[in-house]
Every structure is written in C-alpha cells, then in structure tokens.
Amino acid sequence: MNDAYSGYSADTDGSEGGGDLIAYLPSILWQRRWWIIVPTVLCTIVGLAAAVLLPARYRSSATLLVESPELPAQLVGQQQNTSLIDQRIAKIRQQVLSRPDLIELIENNNLYPDERASKPLSEVIDKMRKATNLSPVSADIQTGPGGTNTIAFSLTFDYPDPQKAQVVAQDFVERLVKLDAAQTSQAATGTVEFLQDQANGLVGQINAIERQIEAIKAANGMALSTGGMMMLGGGAGGGYQAQIAGLQRENAQLQAQLKLQANATDRDPSVQAAEAQLAAAQAVYSDTHPDVLAARQRLAEARKFAAANVARSNTDSAIRSQIASNAAAISSLQAAMSNDTARTSALANAQAKAPAVNEQIAQLQAKADGLRTNYQTVQTNLINARGSARITEQQRGERLSVIDPPVAPDRPTWPNRPLLALGGIVAGAALGLGIALVLEFIMRPIRGVASLQSVTGEPPMVIIPQIAGRRPAPGMDGDDSDSTQSKRRWFRRRKRAADPAVMAG
C-alpha cells in the first residue's frame with residue numbers, strides 16, 4: 001500500500017506546473033469557443049469594413065537635389081556654407097507651410113471641401129501640414145568638421161485626389177526653389193552690405209584716433225621734442241651771466257676813469273685859490289653879495305681853464321656813451337636770460353609730462369593698429385562676399401534643382417486593404433484567445449490531479465478514469481423506465497467528455 005501510494009505521488013508531482021495548461025488547452029478552447037469566435041467575427045467585420053469604407057489617399061512626391069557650386073571654394077575666396085543647408089531648408093519649410101501660404105493653396109485648389117464646411121480653418125491647416133513632408137536625403141560620404149552629408153530633399157503630399165495631390169506638390173516645389181534662391185541672394189547681398197558698413201565704421205574710427213593723436217602731439221610738442229632745448233637751458237644761463245659781468249666790469253672801469261678826470265680838474269692851483277676866495281667871501285657875506293658872486297665867477301673860470309688844460313685819452317661824452325651802451329647790452333642780456341629761464345622751466349615741465357603723453361599716444365596707436373588689422377580682415381571678407389554675391393546672381397553657387405518632379409500617383413498609398421482585412425482576423429482571434437485565457441485564470445476550474453491537490457493540499461487516494469464510449473441504448477443501464485434520468489446521465493457524460501473531471505474517492 002505504501003509503495004503504490006508513493007508511486008502515485010511521484011506521478012502527480014510530475015504532472016504539476018505549466019504542463020497542465022498546455023495539456024488541457026484543447027479542452028479550454030472548446031469550452032470557451034464562443035469567447036473566441038465572437039471577437040474574431042466582430043474584428044473581421046470591422047477590418048473588412050475599414051478596408052472597404054476607408055477613403056483612399058494618394059501621395060505625390062518630388063526630389064530636389066542640392067547642387068554644389070560650379071566654382072571651387074579656393075577661386076571664390078571663401079568656404080561655401082553647405083553645413084547650413086539643413087537649417088536653410090528647415091527655415092524655407094516653415095515659410096512654405098505658413099498659415100497664409102496654406103490658406104492660399106487651399107482656396108486656389110479647393111482642398112478639403114468637406115472639412116472646411118464642418119471644421120474650423122485652423123484644423124484644416126493642421127491636417128494639410130501633417131499631409132506635407134519635407135525630409136533630407138543623406139549620402140554615405142565623408143564631410144569635414146561641421147559639414148553635412150545631405151545631398152537631396154524629398155517632398156511628399158498626401159491627398160484623396162491624385163490630380164490635386166500632384167498640383168499641390170508641384171506648387172510646393174516651385175515655392176521651395178524660389179524661396180531658396182531668394183534667401184541665398186538676400187543673404188549674399190546682406191552680407192556685402194553688412195561688411196561694407198563695418199569697413200566704413202572701422203575707417204571712421206581709425207581716422208578719429210589719428211586726429212586725436214595729432215591733437216595730442218600739437219598740444220604737447222615741447223614735451224615730445226628732443227633734448228636740444230634742455231642743453232640750451234643748461235648752458236646759456238652761464239654765458240649770459242658771464243657777458244653781463246664783463247659789461248658791468250667795463251662800466252665800472254669807465255666810471256672810475258670819469259672820476260679820475262674830475263679829481264684831476266679839482267687839484268689845479270688856480271682852482272684851489274678861487275675856491276679859497278669863495279669860501280672867505282661866503283664867510284663874510286651872503287650868497288647874493290657881489291663879492292660872493294664874483295668869487296663864484298672866478299672859480300668857474302678857473303675850473304674851465306683847468307679842464308681845458310688837462311690832457312685826456314677820451315672825452316667825457318665818449319665814456320658816458322660807452323657806459324650807456326654797455327648798460328643797454330646788460331639789459332638785453334638780462335631780458336634774454338629771463339626768457340631762456342622761462343623757456344627752460346616750461347621745457348622742464350613739459351619733459352615731466354612726456355612719459356604720460358607718450359603712453360597715451362602709444363595706447364591710441366595700439367588701438368589704431370588693432371582697428372587696421374580688423375579692417376584688413378573685413379576687407380578680405382568683403383571681397384569674398386562680393387564674389388559670392390556675383391556667383392549667386394549668375395546662378396553658379398549652391399542651389400536646389402528638381403531632379404524628380406511630382407507626378408499624379410496611379411495607386412493609393414493608404415489604406416492597405418488586404419492588410420486591414422487580415423489584421424482584423426488576426427486581431428479578433430488574438431483578442432478571443434486572450435479573453436479565454438483571462439477567464440481561465442480568473443475562474444480557475446479544477447482540471448486534473450494537480451489542480452485538485454493544490455486545492456485540498458492532499459493527493460487523491462483513488463483516480464477513476466473515464467472511458468468514453470457510445471451512448472447506451474434505452475434499458476441498458478437497468479433504469480429504462482425512467483427516460484429523464486437516462487437523459488441526465490447522457491448529458492453528464494457529454495459534459496465530462498468536454499471537461500473530463502476526475503472523481504476522487
């Protein structure tokens with residue numbers, strides 16, 4: 001008994017796990033068949049209806065090539081802006097898909113009449129934007145730093161009418177090419193104008209700095225001069241003083257000579273006798289007395305006679321003239337020395353300011369040199385920009401060209417009707433199978449020994465297998481007088497055939 005029980009336990013343990021669901025899957029599908037059939041039929045009907053009733057949508061497409069410049073970059077003088085083609089096309093796309101342009105296209109081609117009658121215009125415009133696509137076409141090529149491998153652009157437009165789809169796509173292509181040419185020309189012209197204004201501004205700044213430097217030099221010419229004036233100020237003062245001292249000594253000698261001559265006249269004997277008589281008369285009489293007056297007359301005559309007799313090397317007038325001339329020369333020398341002293345002082349003050357003035361001029365010169373360097377760079381860029389503008393005007397630069405114009409499509413791109421029908425069938429079957437499995441996991445019916453053991457916690461003692469057979473004839477089961485009971489047993493057998501329940505005793 002223990003051995004049999006042990007062997008049975010091993011069999012039941014081996015049947016546990018995920019194998020129960022797979023083993024009873026046909027029974028589960030049969031029992032839940034309507035949960036599978038109904039969703040499958042409904043989804044199939046929906047898929048077929050969508051495949052038949054959805055309106056067709058046609059796509060007209062065009063390809064625009066980004067043509068390289070006809071002239072090399074070395075000849076033009078600047079590097080072409082191919083790295084900005086993506087940004088340029090993105091900007092053009094925003095302009096082409098702007099609200100005013102789309103409204104004009106919708107009204108000119110009578111697009112979306114039903115939507116315009118029932119929906120706001122903004123929704124119609126959004127629908128048209130979604131139906132329009134502009135995407136770059138890249139190539140597997142090596143580009144420099146910051147470059148792009150975009151070689152073309154693809155434009156598509158989807159619409160239920162193939163003819164209108166082609167017309168609108170053609171209009172989009174024409175607008176794209178026109179806007180790209182206009183933007184390229186405008187950018188080249190604007191670059192030339194900007195660089196020209198920048199060059200003019202730099203020239204004005206350079207001229208202003210040069211005028212400022214000239215004004216500083218004119219106001220501080222003494223400070224910027226050489227040291228010759230300083231040498232004059234250092235040596236000329238001593239020369240003036242020596243000359244003045246010499247003239248002063250000469251005048252002193254001349255004055256002494258005049259004094260000697262006067263003393264020689266006073267020492268004459270007749271003069272001395274006349275002076276004595278005058279003194280005796282003045283002692284007795286008044287100054288107006290005739291004797292006094294006569295004595296004075298005799299003294300004057302004696303002196304005149306003595307002076308005429310004195311031998312001189314130079315006359316008094318010549319000596320006095322020389323003294324006056326020397327005095328005038330001394331005054332001139334003193335004035336010149338004062339002027340030189342003032343000039344020397346001014347030069348010393350100017351020389352004290354010279355470092356600051358030179359530093360200011362050096363700063364202005366450095367600023368002017370920097371502006372001149374910038375001006376040379378701007379001039380080079382201006383020449384290149386003018387060349388680029390001429391190339392753009394001659395249609396020889398980078399531009400867009402249509403290599404695959406839009407055509408009226410002959411078959412719709414959407415919907416894929418066979419795929420919709422098949423998708424409805426597959427989706428319905430998957431949905432029904434999912435519902436059946438979900439119900440199985442929710443209701444968790446007892447199927448097999450493992451399920452029963454998981455519920456009771458103990459293995460069954462006896463397993464009574466069900467042997468499927470034909471329906472017995474009436475009276476075969478010993479109770480043929482009661483047909484109702486036979487029918488019940490028959491229904492129970494059919495039920496167990498669909499859902500074999502294992503009875504445990």
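Positions are given from 1 along the sequence.
Closest heavy-atom contact between Leu111 and Lys164: CD2-CD, 4.0 Å. When every heavy atom of Ala131 is checked against every heavy atom of Tyr112, the shortest pair comes out as CB-OH, 3.9 Å. Between Gly432 and Ile36 the shortest heavy-atom distance is O-CG1, 3.5 Å. Across every non-hydrogen atom of Pro39 and Trp34, the tightest pair is CD-O, 4.0 Å. When all heavy atoms of Val203 and Tyr375 are compared, the closest pair comes out as CG2-CE1, 3.2 Å. Taking every heavy atom of both residues into account, Tyr58 and Pro409 meet most closely at CB-CG, 3.4 Å.
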inquiry  = For Leu195 and Gln198: C-alpha separation, side-chain torsions, deciding distance, then whether side chain to side chain contact (heavy atoms under 4.5 Å, CB included) applies.
reply    = CA-CA 5 Å; Leu195 292 174; Gln198 193 173 14; 3.9 Å; yes
request  = Kindly determine whether Leu439 and Trp35 satisfy side chain to side chain contact (heavy atoms under 4.5 Å, CB included), including the steps that lead there.
outcome  = CA-CA 9 Å; Leu439 291 175; Trp35 291 100; 3.5 Å; yes
Criterion side chain to side chain contact (heavy atoms under 4.5 Å, CB included) on Leu102 and Leu97, from CA distance to verdict = CA-CA 6 Å; Leu102 292 183; Leu97 297 181; 4.0 Å; yes
task = Show your working on side chain to side chain contact (heavy atoms under 4.5 Å, CB included) between Leu134 and Phe153 and close with a plain yes or no.
result = CA-CA 7 Å; Leu134 182 63; Phe153 286 87; 4.2 Å; yes
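Judged by the 6.0 Å and 45° rule, Arg33 forms a cation-pi pair with Trp30.
No donor-acceptor pair under 3.5 Å is formed between the side chain of Arg129 and the backbone N or O of Asp126. The backbone N or O of Asp114 lies less than 3.5 Å from no partner atom in the side chain of Lys119, so there is not a single donor-acceptor pair. Between the Thr40 side chain and the Ala429 main chain, a donor and an acceptor come within less than 3.5 Å of each other. Without hydrogens or angle criteria, Thr156 side chain to Ser61 main chain gives no donor-acceptor distance under 3.5 Å. Looking at Lys367, its side chain never comes within 3.5 Å of a backbone N or O of Ile209 through a donor-acceptor pair.
Taking the side chain as every heavy atom from C-beta outward, Ile125 and Met128 never approach each other to under 4.5 Å. For the pair Leu431/Cys43, a side-chain contact is recorded, criterion being any heavy-atom separation below 4.5 Å from C-beta on. Between Phe172 and Leu105, the closest side-chain pair of non-hydrogen atoms falls below 4.5 Å. The shortest distance between side-chain heavy atoms of Pro355 and Asn358 does not fall below 4.5 Å. Side-chain contact check for Gln163 versus Val167: every heavy-atom pair is 4.5 Å or farther apart. Residues Glu440 and Arg32 have side chains in contact (heavy-atom distance under 4.5 Å, counting atoms from C-beta outward). Under the 4.5 Å side-chain criterion, counting only non-hydrogen atoms from C-beta, Leu29 is in contact with Leu433. Under the 4.5 Å side-chain criterion, counting only non-hydrogen atoms from C-beta, Leu64 is in contact with Leu176.
We find the CD-CD1 distance between Gln212 and Ile361 to be 10.0 Å, quoted to the nearest 0.5 Å. Taking CD from Glu115 and CD1 from Ile106, the interatomic distance works out to 10.0 Å, rounded to the nearest 0.5 Å. The CD1 atom of Ile213 sits 5.0 Å away from the CG atom of Leu364 when rounded to the nearest 0.5 Å. In this structure, OG1 in Thr132 is found 8.0 Å from CG in Asp158, a value given to the nearest 0.5 Å. The line from CG of Leu155 to OG1 of Thr63 is 9.0 Å long, rounded to the nearest 0.5 Å. Note that the CD atom of Gln360 and the CD atom of Gln363 stand 7.5 Å from one another [nearest 0.5 Å].
Defined by atom type and a distance below 3.5 Å, a donor-acceptor pair is missing between the side-chain atoms of Gln166 and Gln170. Under the 3.5 Å distance criterion, with hydrogens and angles disregarded, no donor-acceptor pair is assigned to the side chains of Gln365 and Asp369.
Using a 4.0 Å cut-off between charged nitrogen and carboxylate oxygen, Arg372 and Glu210 count as a salt-bridge pair. Ion pairing between Arg175 and Glu104 holds under the 4.0 Å rule for side-chain N and carboxylate O.
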